[in-house]
Amino acid sequence: MYQNEGAVAIAQDTLRLLADRRDLLLGAAVDMHPLSTEPRYAEILSREFNTVVAENVFKPHFVWAGPDDYRWDNADRLAQFARENGMALRGHTLVWHQAVPAWLQAGGYTSSEVRRLLEDYIHAIVSRYRGQVCDWDVVNEAIAEGDDPGLRENSFWFKAIGPEYIDLAFRWAHEADPNARLYYNDYEAEDMRPKGNAVFALVKGLQKRGVPIHGVGLQCHLVNGWRVTDEHRQNVRRIADLGLTWQVTECDIRMQLEGGAPTREQLETQAAGYHDVIELCLCEPGCRGFLCWGFTDKHSWIPEFRQGWGAALPLDEEYCAKPAYRAIQRALES
Ligand code: G3I
């Protein structure tokens, strides 16, 4: 147990041990820079989590340098880290409108050429990590925002291939690794509002057409004060009722940092949110995993992308356990 508030997270029962007992994939997104430069980063990551996902280095614009030209170095390093530490590896992501290589966008390719290139790419990367990546985010964030969201029609993939790019991506991934579990992943799809409904309709449609899909990734980039409601339970139950699994794939709970450091009250509020979301995973049917988008506030996308916001993860910038860490621990123990 903890010696004091400031101690580095040294629990007698690590989160990893507790998650293993609950048969839950408990993971964190990995930033490759601290992984290789900060021993504490690697040490805490492998001690506290049983699963890793790359924050960036499995994305096409990092890997795919040209037709039949792949840069595997960083992705291989993460795969090796997972192997050496007995951790599961999640693949993020094969098709995302924000991760299209510049050469592809500027290449003036015809529709059938783009289709063929994507097929080759998906076959190449999924085959390379066959037997190691257990779950792939095949398509990420294909649904638009708004009151009545449909597919993002301004996505490179939609414009080049048409709406069928989604079905095709799942089929190609399945061909390359029939044992991998294939996910559709999106944000703000956690409840019964229009985006959640649109994601549900999309995956139901994929299933109906016989497309190999196994689950839904609910990103859960949340704002402090978030609590679970019946709507969240209803949403995950309807996904499970389809026979699909679901995972919390990118959880963080950001807060507004007025004077720099978070207040005690903000941290306790955040802890309640983390407790709720992990309890949702443990108590509702169909949940396979819970992953945070990072694990220490020292390395998080939030301050860069959401000015004035931060402190979104379970460990602080000194790698010390926050109340959120202990809330996850309590939920896993209960
Ligand atoms: O690696 C370069 C570095 O060499 C360069 O000096 C620096 C200058 O800005 O940029 C670095 O790359 C950045 C990379 O993060 C690594 O820090 C990219 O510009 C930046 O776009 C990239 O942002 C990532 C973003 O996805 C876009 O790919 C974030 O780290 C990552 O957290 C975020 O993750 C997404 C999920 O994939 C999908 N769901 C939402 C989530 C948060 O936006």
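Positions are given from 1 along the sequence. Every number for a ligand or one of its atoms is a count from 1 in the order of the listing.
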Visitor: Within the structure, is a non-hydrogen atom of F305 found at a distance of less than 4.0 Å from ligand 1?
Guide: yes
Visitor: Would you check whether E55 reaches within less than 4.0 Å of ligand 1, judged by its heavy atoms?
Guide: yes
Visitor: Using a 4.0 Å cutoff against the non-hydrogen atoms of Q219, which atoms of ligand 1 qualify?
Guide: 39 (N), 40 (C)
Visitor: Any non-hydrogen protein atom below 4.0 Å of atom 23 (O) of ligand 1?
Guide: yes
Visitor: Side chains of H97 and E141 only: does a donor on one sit below 3.5 Å from an acceptor on the other?
Guide: no
Visitor: Provide, to 0.1 Å, the distance between atom 12 (O) of ligand 1 and the closest protein heavy atom, together with that atom's residue and name.
Guide: F62 CZ, 4.6 Å
Visitor: Distance-only, no hydrogens or angles: does the D276 side chain make a donor-acceptor pair with backbone N or O of V228 under 3.5 Å?
Guide: yes
Visitor: State whether any protein heavy atom lies less than 4.0 Å from atom 31 (C) of ligand 1.
Guide: yes
Visitor: Flag yes if more than 12 heavy atoms outside R116 fall under 6.0 Å of its CZ atom; otherwise flag no.
Guide: no
Visitor: For atom 38 (C) of ligand 1, what's the nearest protein heavy-atom neighbour? Residue, atom name and distance, please.
Guide: E141 OE2, 3.3 Å
Visitor: Report, in ascending order of atom number, the atoms of ligand 1 lying under 4.0 Å from any heavy atom of N140.
Guide: 38 (C)
Visitor: Would a search of protein heavy atoms around atom 10 (O) of ligand 1 find one under 4.0 Å away?
Guide: no
Visitor: Looking only at distances, please establish whether an N/O atom of ligand 1 is found under 3.5 Å from an N/O atom of N56.
Guide: yes
Visitor: So, the side chain of E284 versus the backbone of V236: is there a donor-acceptor pair under 3.5 Å, distance only?
Guide: no
Visitor: Within the protein, is there a heavy atom lying under 4.0 Å from atom 4 (O) of ligand 1?
Guide: no
Visitor: Kindly work out whether a path of hydrophobic side-chain contacts (I/L/V/M/F/W/Y, heavy atoms less than 4.5 Å apart) joins Y109 to L94.
Guide: yes
Visitor: Identify, by atom number and element, the atoms of ligand 1 in contact range of W301, meaning under 4.0 Å from any of its heavy atoms.
Guide: 32 (O), 42 (C), 43 (O)
Visitor: Consider only side-chain N and O atoms of Y183 and T245, and report whether a donor and an acceptor are under 3.5 Å apart.
Guide: yes
Visitor: Is the closest protein non-hydrogen atom to atom 43 (O) of ligand 1 under 4.0 Å?
Guide: yes
Visitor: So which of E304, R306, H92 gets nearest to atom 37 (O) of ligand 1, if we judge by its closest heavy atom?
Guide: H92
Visitor: Give a yes-or-no answer on whether the side chains of E55 and H299 include a donor-acceptor pair shorter than 3.5 Å.
Guide: no
Visitor: Is it true that atom CG of D241 has more than 12 heavy atoms of other residues, nucleotides or ligands lying nearer than 6.0 Å?
Guide: yes
Visitor: Is the shortest N/O to N/O distance between K59 and ligand 1 below 3.5 Å?
Guide: yes
Visitor: Return yes when at least one protein heavy atom is under 4.0 Å from atom 18 (C) of ligand 1, and no when none is.
Guide: no
Visitor: Regarding ligand 1, does E250 bring an N or O atom to under 3.5 Å of one of the ligand's N or O atoms?
Guide: yes
Visitor: Heavy atom under 4.0 Å from ligand 1: found in W293's side chain, backbone, both, or neither?
Guide: side chain
Visitor: State whether a side-chain donor-acceptor pair under 3.5 Å links Q219 with N140.
Guide: yes
Visitor: For residues D76 and Y129, is any side-chain donor paired with an opposing acceptor at under 3.5 Å?
Guide: yes
Visitor: Given the rule in the ring pair (Phe, Tyr, Trp, His ring centres under 6.0 Å) test, do F295 and Y41 qualify, once you have shown the distances and angles that lead to the verdict?
Guide: CA-CA 9 Å; F295 61 95; Y41 185 96; 4.8 Å; yes
Visitor: Looking only at the side chains, is there a donor atom on one of E333 and Q329 sitting less than 3.5 Å from an acceptor on the other?
Guide: no
Visitor: List every atom of ligand 1 that sits less than 4.0 Å from any heavy atom of H221, numbering the atoms from 1 in the order shown and giving each element.
Guide: 40 (C), 41 (C)
